[in-house]
Amino acid sequence: MTAQFIQATSNVTLPWGSLAWHAPDQGLLDLDFWPTFHPNMILQKTFSLWRYRAVFPPLAIAPVSFGEGLTPLVDIDLDGHQVPFKLDYLFPSGSYKDRGSTVLMTYAKSIGAKTVVQDSSGNAGASIAHYAAAAQLPCTIFVPDSTSPAKLTQIQAVGANLVLVPGSREDTAIAARAAAQDAFYASHVWHPVFYEGTKTFAYEVFEQSGFSVPDTVILPAGNGTLLLGCYKGFEELKRSGLIKQVPKLIAIQAAHCAPLYHQFHQQGSPDFWTSTLAEGIAIAQPLRGPQMLAVVRQTGGTYLEVAEDEIIDSFRFMSKIGQYIEPTSAAVVAGVRQYVKSHALPSERIISVLTGSGLKTGQKIQKMR
Ligand SMILES: *Cc1c(COP(=O)(O)O)cnc(C)c1O
């Protein structure tokens, strides 16, 4: 089974093993790779997401790994409804981004990358910094100067160069791309190999649910790295003949920054967005926006938006039951509560996720309480 990079809108292809992260016309690349999976391909003695190595494209080296993945799936009682959540805040760097980083850094190392550059609103940068350290690759991370201090400390502690960029998240991306001319650009948004890692979310849900899938999966939607990866994973399970249909995907945005919610429901967007407690999904111009809208539509799902007071309320609720999460993850909980109350059928099986640890955003949480 071969893998190659493709540009969806043209006939451009690039070989697996390429250093390129964009098409010649600067457009986005995807990975054309559709493995056939069977449960007997799971590496039963590997207690990490690398147990699904058979569905990754060929990587000729040992994984750059901390044994991440296989996160617990636990029931949480939301207003009388039991909803299983994947505890993806339990990854080594404190967010689910490690799913993508472990596979992307393994790819970078396998093709002989010498230095790594990346930009993010915090968690992806921290995650790539951890895995660059494990791969022994020098790493520079660009973040907006408004990023939570704990994330900055974390990025520097694991040895990455940190560059604070004034202005918006988009300004940060521009600065990083300029620096990426002579380095491996480990962008969780641009690089298709990152999504080969995030797709393991779907495989874990499948295995942990007794080789079946729920009716509905509720996910955060910022740049869509979990949403799109998750969709690909379920689509692979479907093409492998293991499930009948991809679960309905419900995507959650913060009302203070909800471009895709507005596009999905064909409402005009405000001229500018205000800041939100959900910093991990505050993406005003998601590069893969058209893909993110298409996959949600294809599954019969929808976009929901949550207000700041719903985020605070859900944060408080989760803290009281002992789940210390980022406000970004509280936004997803708020979305699940909205969905359960107003949209779900009584028999609908729903799964969601807690993507980031509260330990990352102590200062924000202090102000919120
Ligand atoms: C990155 C992130 C998200 C959103 O993921 P996208 O890939 O941008 O959609 C959600 N929660 C946390 C904690 C994150 O770090």
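We count ligands from 1, going down the list as the structure has it; atoms in each ligand are counted the same way. Nothing fancy with the numbering, it's 1 onward along the sequence.
In this structure, Y303 has its ring center under 6.0 Å from that of F264. In this structure, F91 has its ring center at least 6.0 angstrom away from the ring center of Y96. Here the two rings, on H191 and F184, have centers that are under 6.0 Å apart. Taking the six-membered ring for Trp and the full ring otherwise, the centers of Y107 and W16 sit less than 6.0 Å from each other.
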Derivation of the salt bridge (charged side-chain N to carboxylate O under 4.0 Å, His left out) call for E196 and K232: CA-CA 8 Å; E196 292 301 300; K232 186 168 190 275; 2.7 Å; yes

Derivation and outcome, salt bridge (charged side-chain N to carboxylate O under 4.0 Å, His left out), residues D88 and R99: CA-CA 9 Å; D88 270 25; R99 290 189 186 277; 2.8 Å; yes

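For a threshold of 3.5 Å applied to N or O pairs, the pair formed by A221 and ligand 1 contains no separation below that value. Polar contact check, G224 against ligand 1: a nitrogen or oxygen pair lies under 3.5 Å apart. Considering backbone and side-chain atoms together, S329 places no N or O closer than 3.5 Å to any N or O of ligand 1. Here's the thing with T225: one of its N/O atoms is less than 3.5 angstrom from an N/O atom of ligand 1.
For ligand 1, the atoms lying closer than 4.0 Å to a non-hydrogen atom of T328 are 10 (C), 11 (N), 12 (C). Near G280, with a cut-off below 4.0 Å to any heavy atom, the atoms of ligand 1 are 1 (C), 2 (C), 3 (C), 4 (C). The atoms of ligand 1 that sit less than 4.0 Å from any heavy atom of G356 are 13 (C). Each of the atoms 13 (C) of ligand 1 lies under 4.0 Å from some heavy atom of E326. Every atom of ligand 1 with a heavy atom of G222 under 4.0 Å away is listed here by number and element: 6 (P), 8 (O), 9 (O). Under a 4.0 Å criterion applied to the non-hydrogen atoms of L226, ligand 1 contributes the atoms 7 (O).
Panel note: side chain K360, backbone S93; a donor-acceptor pair is recorded below 3.5 Å.
A cation-pi arrangement is present between R337 and F317 under the rule of less than 6.0 angstrom and at most 45 degrees off the ring axis.
Of the protein's non-hydrogen atoms, N223 N, 2.6 Å is the one closest to atom 8 (O) of ligand 1.
Using a 4.0 Å cut-off between heavy atoms, Y96 contacts ligand 1 through its side chain alone, with no backbone atom that close.
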